[in-house]
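For reference, the structure is listed below as structure tokens.
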Amino acid sequence: MIKLRLPNSYFEGHEDTITLVWRRTLVADFSKREIERAIRRKFRVSVEVNVEDGYLVINTDNEDIERFIAFYIQNNLGGLLKNRYTKRKVIYIHEGMGVPLLGYNAFGLIDRGTNLIQVRGSTGCNMRCIFCSVDEGPYSRTRKLDFVVDIDYLLKWFDWVAKEKGKGLEAHLDAQGEPLLYPFIVELVQALREHPHVSVISMQSNGVLLNDKLVEELAEAGLDRVNLSIHSLDPEKAKMLMGIKDYDLNHVLEMAEALVNAGIDVLIAPVIMFGVNDDEAEAFIEFARRIGAGKRWPALGFQNYIPYKFGRNPVIAKPVPFKEFYRWLRELEEKTGMKPLILKPHHFGMYPRPFIPLAFKRGEVVKAEVILPGRIEGEMIAKARNRLIQVINSNAKVGDRIKVKIVRTRHGIYVGTPV
Ligand SMILES: C[S@@+](CC[C@H](N)C(=O)[O-])C[C@H]1O[C@@H](n2cnc3c(N)ncnc32)[C@H](O)[C@@H]1O
Ligand code: SF4
């Protein structure tokens, strides 16, 4: 009897399907019959393949079969990868693909002209907040595809960017989705910690996937702060806002405390929708105080709900002008004595820094190669001058060489239209 497991993964069996779960987030489905047929073709024996306690179990003692199956699975993985939470197909970006990691907002690195660099290793989310600016999570109407960037490749680009930007950087792990889904999140924090240009490592998270072990690992790896998205302290309202009926508010509150106890600072970051959860503001402040949030940075980061073109915009959320939002925050500061609630970049040690020079000018027409499908309908991703360009309203195919008019260059995120 052979019992097979691959590094950082386990198997699940579902009738005729065998699912490989790799590093929590990535899954690949294999047909049990096809595996058995591949063995029969190669070794001329009939064997049965099953799953038991996370192992692939094969009723043979032939070690050649074990090696063959391990190779078979690894070899076929690339085209089968899916995100376990969103169920969407995953494109795994690695060095050999020649995909630049600057220019696109769904993965890679973003430089907004300060000492903070956004690091985006993957897309996809385990929640589906009813107000989500990026329409993330399972059953998204707009997002068709997920990306995961290989950690070594991400770090290689980070190193280049960090050298351009200088010392004293904050590496901020965020995503069009949930950063804790990134399969290499602990290793990423650890590697960034060792980078001589990085002073602070922070993360934006919904906290759902945290557990005591992961909190400890992240603390040990050197994570400094988590901006934790909690939108209600009422369990039922929180479920409604997070769009997931199993959302366990208590668990997230416990993890908030566990983060603080592990030495990772916490900033509680509710999205405020007036008439929905603004009445909970004082309770959020009270909770943040009680757990000892905000040791090095502000304890609260109330966010004003903003409707987005490709986001989910529920009817219960009425947008409020920022002027009014800031007035509300000022009153809250006075009433509760919790300061600052109106957050400024300097509260986070964020200062302007020269941008990595832009690769394109607005209005310029460039020749580009289409290298990847985009995440939303009609979007393709092209490459030129070692940068990514999000090409909208395109019916081009991967491999096409097209002319693109650059219509947006803000913060080094390039958007273009075909000409
Ligand atoms: C898109 S999320 C990604 C990180 C992570 N999934 C999370 O929720 O913390 C980034 C932040 O934007 C907030 N957010 C999402 N949709 C928003 C909206 N429509 N208006 C304002 N903030 C929003 C989230 O609550 C979160 O704090
Ligand atoms: S706001 Fe964050 S947690 Fe909520 S669905 Fe969007 S990406 Fe996921």
Side-chain angles (χ1 to χ4, degrees), residues 25 83-88 105-107 110 112 116 118-143 146-147 172-182 185 202-210 223 225-232 237-249 251-252 255-256 259 264 266-274 276-278 280 284 288 293 297-322 325-326 328-329 343 348 375-376:
T25 302
N83 182 313
R84 184 179 167 198
Y85 298 93
T86 64
K87 313 277 189 252
R88 293 190 288 253
N105 58 10
F107 64 78
I110 303 175
R112 299 190 191 273
L116 182 141
Q118 288 168 262
V119 181
R120 300 189 158 179
S122 55
T123 63
C125 191
N126 53 334
M127 295 289 108
R128 50 191 317 269
C129 302
I130 60 167
F131 51 83
C132 181
S133 53
V134 285
D135 185 20
E136 254 302 342
Y139 311 110
S140 167
R141 274 175 295 118
T142 57
R143 314 291 143 153
D146 281 326
F147 291 101
H172 183 62
L173 314 182
D174 71 353
Q176 274 193 359
E178 170 54 41
L180 287 177
L181 257 60
Y182 186 54
I185 192 73
S202 58
M203 183 193 292
Q204 177 72 51
S205 173
N206 62 40
V208 173
L209 293 175
L210 290 172
L223 184 63
R225 186 184 75 244
V226 173
N227 300 350
L228 197 59
S229 300
I230 301 177
H231 310 297
S232 174
K237 201 201 279 184
K239 281 182 191 183
M240 183 274 286
L241 293 175
M242 302 302 285
I244 295 277
K245 66 178 184 327
D246 296 336
Y247 176 72
D248 184 352
L249 173 67
H251 172 72
V252 176
M255 288 303 110
L259 286 167
I264 300 175
V266 167
L267 172 145
I268 307 287
V271 171
I272 295 297
M273 283 155 284
F274 286 85
V276 178
N277 62 351
D278 58 313
E280 295 195 57
F284 284 126
W297 294 280
L300 286 131
F302 289 110
Q303 306 175 85
N304 193 10
Y305 162 74
I306 305 169
Y308 285 86
K309 185 173 172 201
F310 291 106
R312 283 191 284 269
N313 302 308
V315 281
I316 58 165
K318 300 272 176 290
V320 157
F322 268 88
F325 181 68
Y326 288 127
W328 178 77
L329 286 176
L343 304 185
F348 296 91
R375 298 197 73 207
I376 52 184

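We count ligands from 1, going down the list as the structure has it; atoms in each ligand are counted the same way.
Residue Tyr308 places no N or O, backbone or side chain, under 3.5 Å from any N or O of ligand 1. For the pair Gln204 and ligand 1, the shortest N or O to N or O distance falls below 3.5 Å. For ligand 1, the polar-atom distance check finds an N/O of Ile306 within less than 3.5 Å of one of the ligand's N/O atoms. Residue-to-ligand polar distances place Gly177 within reach of ligand 1: an N/O pair is separated by less than 3.5 Å. Looking at ligand 1, you won't find any N or O of Pro307 less than 3.5 Å from one of its N or O atoms.
Close approach to Gly177 involves these atoms of ligand 2, each under 4.0 Å from a residue heavy atom: 7 (S). Under a 4.0 Å criterion applied to the non-hydrogen atoms of Cys129, ligand 2 contributes the atoms 1 (S), 3 (S), 4 (Fe), 5 (S). Against a heavy-atom cut-off of under 4.0 Å, Met127 is close to the following atoms of ligand 2: 3 (S), 5 (S).
When hydrogens are left out, the protein atom nearest atom 16 (N) of ligand 1 is Ser133 N, 3.0 Å; that is the closest non-hydrogen contact. Among protein heavy atoms, atom 7 (C) of ligand 1 sits closest to Ser229 OG, 3.4 Å. Summary of contacts: the protein heavy atom closest to atom 3 (S) of ligand 2 is Asn206 ND2, 3.3 Å. Atom 8 (Fe) of ligand 2 has Cys125 SG, 2.3 Å as its closest protein atom, hydrogens excluded (heavy atom only). Among protein heavy atoms, atom 6 (Fe) of ligand 2 sits closest to Cys132 SG, 2.3 Å. Scanning the protein for heavy atoms near atom 12 (O) of ligand 1, the closest one is Gln303 OE1, 3.8 Å.
In the displayed structure, Phe322 atom CZ is contacted under 6.0 Å by more than 12 heavy atoms of other residues, nucleotides or ligands.
For atom 14 (N) of ligand 1, a protein non-hydrogen atom is found at a distance below 4.0 Å.
Ionic pairing of Arg312 and Glu136 is not present here: no N-O contact between side-chain nitrogen and carboxylate oxygen is shorter than 4.0 angstrom. Using a 4.0 Å cut-off between a side-chain N of Lys or Arg and a carboxylate O of Asp or Glu, Arg120 and Asp174 qualify as a salt bridge. A salt bridge links Asp146 with Arg375: the distance from a Lys NZ or Arg NE/NH1/NH2 to an Asp or Glu carboxylate oxygen falls below 4.0 Å.
Nearest to atom 22 (N) of ligand 1 by heavy atom, out of Val271, Ile272, Val226, is Val271. For atom 25 (O) of ligand 1, the candidate residues are Arg312, His231, Met242; the nearest heavy-atom contact is made by His231.
Using 4.0 Å as the threshold, Gly311 has no heavy atom nearer than that to any atom of ligand 1. Not a single heavy atom of Gly137 sits under 4.0 Å from any atom of ligand 2. The closest approach between Asp174 and ligand 1 stays at or above 4.0 Å for every heavy atom of the residue. Proximity of Asn304 to ligand 1 is established by a heavy-atom distance of less than 4.0 Å.
With a heavy-atom cut-off of 4.0 Å, Arg128 touches ligand 2 through its backbone alone.
In the model, Asn277 has no side-chain atom that pairs as donor or acceptor with a side-chain atom of Tyr305 under 3.5 Å. No side-chain donor from either of Asn126 and Glu178 sits under 3.5 Å from a side-chain acceptor of the other.
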